[in-house]
Trainee: 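To start, I am sharing the structure in question, which I have written as structure tokens.
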Amino acid sequence: MIFRQKPEPWPWNPDAEPAPRVREDLQRIALSILDRKSHPRPTGIVFASPHAGAGVSSVVLGLARELGQIPGMRCVIVELNRLRPRFAERYSLDARRSAASLAAHEAVLSECVQKAAGGVSIVPAGSGWPGTLAARIACRAMQEAEGEFDAVLFDVPPTGECADAIAVASAVKEMIVVAAAGRTEAASLRELRAQAAGAGARISGGVLTMRDRVAPAWLFGRERR
């Protein structure tokens with residue numbers, strides 16, 4: 001018979017179905033959030049990676065969609081990646097209703113939440129706000145999400161590029177690490193873990209992306225009989 005394993009593309013189109021292995025990770029995280037729904041305060045989670053290109057935004061979008069399929073679950077993405085804001089342009093959102101608006105006290109959270117493809121609620125990052133305000137924006141988002149959302153997912157810049165992610169983690173207290181198979185170095189992950197611990201944040205899980213091969217490369221396309 002022909003023995004082939006089709007590589008899973010990465011990053012996947014965030015508006016399409018994620019790769020099966022990644023979706024399994026996202027479903028586990030979604031179920032853990034559902035288990036905490038009885039708590040009066042929303043669950044806040046920071047999604048971070050040591051470096052750019054690991055697929056943090058795609059993971060956040062994928063999890064938001066998984067949560068959206070659970071009856072009664074209300075989820076919002078708060079984009080705090082001021083270095084590489086993506087959502088406003090991708091989904092034609094109003095950048096004037098953004099995290100920048102929260103930073104400037106020009107709007108409240110409910111006024112900044114916008115609907116993207118698939119019904120996902122997003123607060124885009126906007127521009128013009130300094131990283132020193134990242135933790136303050138996160139605290140405000142968590143406070144104003146109470147009673148409106150069950151989960152607040154924070155998309156932050158890489159920990160290796162600026163201090164925003166750790167500052168937000170110090171406010172939110174929970175982090176999920178996104179690592180790219182074959183790219184993210186163990187030393188970078190150890191450093192991220194130490195930074196999170198120093199900020200008083202708990203790393204509650206991780207998502208490994210870019211796992212497009214299980215079999216060795218030399219087996220691809222080879223016939224086995």
Side-chain angles (χ1 to χ4, degrees), residues 14 29 33 41-64 67 75-91 93-116 120-146 148-178 192 195-196 198-207:
I29 297 170
I33 294 174
R41 295 197 65 209
T43 298
I45 304 176
V46 178
F47 287 77
S49 177
H51 57 81
V56 171
S57 296
S58 294
V59 168
V60 170
L61 281 167
L63 178 58
L67 288 168
C75 171
V76 62
I77 297 171
V78 178
E79 183 185 30
L80 294 181
N81 191 341
R82 61 188 175 87
L83 301 182
R84 298 179 187 85
R86 303 180 187 277
F87 295 136
E89 181 178 358
R90 182 178 184 88
Y91 295 115
L93 305 179
D94 185 357
R96 295 169 298 180
R97 297 159 52 204
S98 63
S101 305
L102 294 176
H105 293 276
E106 296 173 349
V108 296
L109 181 69
S110 60
E111 296 172 330
C112 299
V113 174
Q114 302 176 58
K115 291 290 185 180
V120 175
S121 297
I122 299 177
V123 176
S127 60
W129 54 275
T132 53
L133 294 181
R136 188 180 305 176
I137 296 171
C139 288
R140 187 175 176 195
M142 289 295 295
Q143 291 170 355
E144 297 183 9
E146 189 166 345
E148 298 292 330
F149 295 99
D150 302 296
V152 185
L153 313 181
F154 294 93
D155 184 342
V156 297
T159 57
E161 295 186 12
C162 68
D164 294 18
I166 300 303
V168 174
S170 70
V172 177
K173 301 302 183 186
E174 184 168 356
M175 175 185 286
I176 287 178
V177 176
V178 180
L192 192 160
Q195 290 174 323
R202 178 175 68 99
I203 296 179
S204 57
V207 178

Trainee: Compare all side-chain heavy atoms of L109 with those of E148 and state whether any distance is below 4.5 angstrom.
Mentor: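 Counting from C-beta outward, L109 and E148 never come under 4.5 Å.
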Trainee: Can you find a pair of side-chain heavy atoms, one from I203 and one from L192, that are under 4.5 Å apart?
Mentor: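 The answer is yes; the side chains approach within 4.5 Å.
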Trainee: Test of understanding: with salt bridge (Lys or Arg N to Asp or Glu O under 4.0 Å), list the residues that count as partners of R86, not counting sequence neighbours.
Mentor: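 Partners of R86 by the salt bridge (Lys or Arg N to Asp or Glu O under 4.0 Å) criterion come out as none, since no residue qualifies.
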Trainee: With sequence neighbours excluded, give me every salt bridge (Lys or Arg N to Asp or Glu O under 4.0 Å) pair touching residues 167-176.
Mentor: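 Found R36-E174, E174-R202.
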Trainee: Looking at side-chain heavy atoms only, is the closest gap between D150 and L67 below 4.5 Å?
Mentor: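 Side chain of D150 against side chain of L67, heavy atoms only: no contact under 4.5 Å found.
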Trainee: Minimum heavy-atom separation for V156 to F47, with atom names?
Mentor: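 Reported closest heavy-atom pair: CG2-O, 3.2 Å.
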Trainee: If you define the side chain from C-beta out and look only at heavy atoms, does anything of I166 sit under 4.5 Å from M175?
Mentor: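 Yes, close enough: below the 4.5 Å cut-off.
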Trainee: Name all residues meeting the salt bridge (Lys or Arg N to Asp or Glu O under 4.0 Å) criterion together with R140; count only those two or more places apart in sequence or in a different chain, and write none if there are none.
Mentor: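 Salt bridge (Lys or Arg N to Asp or Glu O under 4.0 Å) list for R140, sorted by chain: E144.
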Trainee: Could you list all the salt bridge (Lys or Arg N to Asp or Glu O under 4.0 Å) pairs where at least one residue sits in residues 159-168, not counting sequence neighbours?
Mentor: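 Residue pairs passing salt bridge (Lys or Arg N to Asp or Glu O under 4.0 Å), neighbours aside: R82-D164, R84-E161.
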Trainee: Output all residues satisfying salt bridge (Lys or Arg N to Asp or Glu O under 4.0 Å) with R96, sequence neighbours left out; order by chain, then residue number.
Mentor: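 Scan of R96 (salt bridge (Lys or Arg N to Asp or Glu O under 4.0 Å), adjacent residues dropped) gives D94.
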Trainee: Tell me, do F149 and V78 make a side-chain contact under 4.5 Å, heavy atoms counted?
Mentor: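 Heavy-atom side-chain distance check fails, nothing below 4.5 Å.
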Trainee: Residues two or more places apart in sequence or in another chain: which of them pass side-chain contact (heavy atoms from CB on, under 4.5 Å) with A104?
Mentor: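 By the side-chain contact (heavy atoms from CB on, under 4.5 Å) rule, A104 matches E106.
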Trainee: So which atom in Q114 and which in R97 form the shortest heavy-atom distance, rounded to 0.1 Å?
Mentor: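 What the structure gives for the nearest pair is NE2-O, 2.9 Å.
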Trainee: What's the spacing between S98 OG and L93 CG if we round to 0.5 Å?
Mentor: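 Result: 10.0 Å between the selected atoms.
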Trainee: Pairs under 3.5 angstrom only: tabulate donor-acceptor contacts from the side chains of residues 120-137 to other protein residues two or more places apart or in another chain.
Mentor:
unit_1 : atom_1 : unit_2 : atom_2 : d
S121   : OG     : K115   : NZ     : 2.9
W129   : NE1    : A125   : O      : 3.0

